Amino acid sequence: MSSNAPHQPVRDLRFFLTVPHACSYLTGREATTLFLDPQESPGQGVYDSLALLGFRRSGRHLYRPHCEGCNACISVRLPVREFTPNRSQRRLTRRNSDLTLHLRPAIFDPEHYALYAQYIRTRHADGDMYPPSHEQYRTFLTLDQEYARLMEFRLDGRVVAVAAFDQLEHGLSAIYTFFDPTPELERRSLGTFAVLTLVEQARRRGLPHVYLGYWISECRKMAYKQDFRPLEILDGRHWRRLISHE
């Protein structure tokens, strides 16, 4: 697999480490995060380079895990040209054919926030994003950069899902998806459908990859990422194919 060396040098950038804190994904573990100097604007060139090294974006911050003695968080991406949806994913696409898609800038929208708050209260009341707030939402999912975008899915005129993503030089990066958690929409698997839509968006734009963030084999909430094949993982500074028994 190609090493995909960064297009721009990043050696002159400053990085910081957080103090150890409780891991959000694995019970009983401590986590430490490496992040780019907040005074450095997350501009396109720097972001493109750091994404190839496993960095993610949250609001204005570019970060990646840097935990002593633990390498559970693995950066993963989908090679768009090689991806073929399986039978379940094809069925899911047909099931959601009545949804309309709108692409929006990553700015605050009260309708989006109402859905986000409902989603967090219903699906993640035990997590560190609870309780939701306007400030939390703005800090996490809004950004005044051309590359930061939102995919909005509507059913009969109402918003049922929103997926935040970034357009990089070498792919689309999935940031976060939230959706209507009511039981009658459960069969639509809106989170998975958002990933399928992101793959299609990347294909239309001629971009080679969709970055899916971090995969942790021991974390049940991340198990869905294994359903997208072939999957590539970041091994040191090189991307390689994830083989089936990993």
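Please read these numbers as outputs of a predicted model, since none were measured by experiment.
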Legend entry - Tyr25 OH: over 12 foreign heavy atoms closer than 6.0 Å: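 It does not: Tyr25 OH has 12 such atoms or fewer within range.
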Legend entry - Crowding at CD, Glu40 (>12 non-hydrogen neighbours, <6.0 Å): yes
Answer yes if the ring centres of [X] and [Y] are under 6.0 angstrom apart, and no otherwise.
{"X": "Phe15", "Y": "Phe55", "answer": "yes"}
{"X": "Tyr147", "Y": "Tyr47", "answer": "yes"}
{"X": "Phe153", "Y": "Phe193", "answer": "yes"}
{"X": "His112", "Y": "Tyr137", "answer": "no"}

Legend entry - salt bridge (charged side-chain N to carboxylate O under 4.0 Å, His left out) between Arg29 and Glu218, worked out: CA-CA 12 Å; Arg29 304 271 189 99; Glu218 301 172 54; 3.7 Å; yes
Does this structure show an ion pair linking [X] with [Y], if we count only N-O contacts that are shorter than 4.0 Å?
{"X": "Arg203", "Y": "Glu200", "value": "yes"}
{"X": "Arg241", "Y": "Asp235", "value": "no"}
{"X": "Arg158", "Y": "Asp180", "value": "yes"}

Legend entry - Within 45° cone of Phe165 ring axis and under 6.0 Å: Arg149 NZ or CZ: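 Relative to the ring axis of Phe165, which defines the angle, Arg149 lies outside at least one limit.
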Legend entry - Atom pair CG (Leu234) and CH2 (Trp239), whose distance is rounded to the nearest 0.5 Å: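 Between Leu234 CG and Trp239 CH2, I get 5.0 Å after rounding to 0.5 Å.
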Legend entry - Working for side chain to side chain contact (heavy atoms under 4.5 Å, CB included), residues Thr100 and Glu152: CA-CA 8 Å; Thr100 58; Glu152 174 190 87; over 6 Å; no
Inset, instruction - Under the side chain to side chain contact (heavy atoms under 4.5 Å, CB included) rule, what do Phe228 and Gln89 come out as? Steps first, then yes or no, please. - result: CA-CA 9 Å; Phe228 295 90; Gln89 291 163 344; 3.7 Å; yes
Inset, instruction - Assign the ring pair Tyr113 / Tyr116 to parallel, tilted or perpendicular, where the plane angle (0 to 90°) is split at 30° and 60°. - result: tilted
Inset, instruction - Over 60° means perpendicular and under 30° means parallel, so classify the ring planes of His134 and Phe108, tilted if in between. - result: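 Judged by the thresholds at 30° and 60°, the geometry between Phe108 and His134 is tilted.
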